[in-house]
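Inspection log for the structure reproduced underneath, given as structure tokens.
Values below: all heavy atoms of this structure, side chains included; hydrogens, waters and symmetry mates excluded. Note that the structure is predicted; figures quoted are calculated from it, not measured.
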Amino acid sequence: MERMQRDGEVDHVEQPGPLTEKEKVRIQDSWAKVFQSCDDAGVAILVRFFVNFPSSKQFFKDFKHMEEPEEMQQSVQLRKHAHRVMTALNTLVESLNNADRVASVLKSVGRAHALKHNVDPKYFKILSGVILEVLGEAFTEIITAEVASAWTKLLANMCCGIAAVYKEAGWTELSSSVETSPPAVLLISGT
């Protein structure tokens with residue numbers, strides 16, 4: 001797991017261990033409810049991501065100049081990308097008992113973002129915090145402390161897996177500084 005320091009630098013700590021069976025069940029049960037409103041949840045996640053971390057929009061030609069959350073929410077291109085993000089998460093969650101499938105998903109996402117889109121991997125860490133933040137706010141009855149802890153572990157493992165793909169793809173410097181917002185820091189660090 002990683003802990004954020006006050007200045008926004010990531011303090012690297014060892015990769016979290018594998019998910020327990022109980023954690024997998026918590027993730028899958030909560031996801032089944034979240035995925036019922038997948039498109040709306042995905043749009044809410046991306047809008048929060050782009051509003052709180054505007055530098056992340058630089059990788060999206062179709063909506064990088066949008067400033068207003070309302071405009072982003074109405075964007076067909078943003079909605080399509082949100083759907084792709086949620087579908088990738090769905091595949092990851094559905095494949096928790098299939099390590100090869102999880103590795104395949106992470107490799108596909110990591111290679112595309114490293115080689116085709118040239119996205120700094122720090123944005124996966126940031127997005128993970130935003131996902132936890134938005135799901136925790138939108139699904140308060142589902143995202144309990146135990147469920148949030150399981151999701152934090154899953155997303156930390158996802159980020160580590162994607163970082164390994166980036167390294168394999170030839171990224172020589174993986175950024176350690178990230179933009180932070182206090183709620184995302186709390187959820188990522190588990191404090």
Practice item. Look up atom CG in L155 and atom SG in C160, then write down how far apart they are to the nearest 0.5 Å. Key: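 Reported value, rounded in 0.5 Å steps: 11.0 Å.
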Shared hydrophobic cluster for [X] and [Y] (ILVMFWY, side-chain gaps under 4.5 Å):
X	Y	result
F49	F59	yes
V165	V85	no
V93	L127	yes
V109	V130	yes

Check your understanding: Which atom names give the shortest non-hydrogen contact between V105 and A88, and what distance separates them?
Key ->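 Between these two residues, the closest heavy atoms are CG1-O, 4.2 Å.
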Point to revise | Residues in ring-ring contact (aromatic ring centres under 6.0 Å, His included) contact with F139, at least two apart in sequence or another chain | key: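 Here no residue qualifies.
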Check your understanding: Quick one: does L154's side chain get under 4.5 Å of E23's, heavy atoms only?
Key ->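 Side chain of L154 against side chain of E23, heavy atoms only: no contact under 4.5 Å found.
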Review point. With a 4.5 Å heavy-atom cut-off, do M72 and K57 have their side chains touching?
Key: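 Touching, per the 4.5 Å side-chain cut-off.
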Exercise for review: Look at the aromatic rings of F60 and H81 and report parallel, tilted or perpendicular, splitting at 30° and 60°.
Suggested key: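 Perpendicular.
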One thing to verify: whether [Y] and [X] come together as a salt bridge, which I'm taking to mean a side-chain N less than 4.0 angstrom from a carboxylate O.
X	Y	result
E146	R26	no
K24	D29	no
E137	R48	yes

Check your understanding: Considering the options Q73, E71, Q77, which one meets the side-chain hydrogen bond (donor to acceptor under 3.5 Å, both in side chains) requirement together with S75?
Key ->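 It is Q77, the one option of Q73, E71, Q77 that forms the side-chain hydrogen bond (donor to acceptor under 3.5 Å, both in side chains) with S75.
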**Study point:** Polar side-chain atom of N90 near backbone of M86 as donor-acceptor pair, under 3.5 Å
**Key:**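 Such a contact is absent between N90 side chain and M86 backbone.
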Practice item. With H113 as reference, evaluate F124, Y166, W171 under the ring pair (Phe, Tyr, Trp, His ring centres under 6.0 Å) test and give the passing residue. Key: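 So the option named by the test is F124.
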Check your understanding: How would you list all residue pairs meeting salt bridge (Lys or Arg N to Asp or Glu O under 4.0 Å) that involve residues 90-117, not counting sequence neighbours?
Key ->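 Qualifying pairs: K107-E168.
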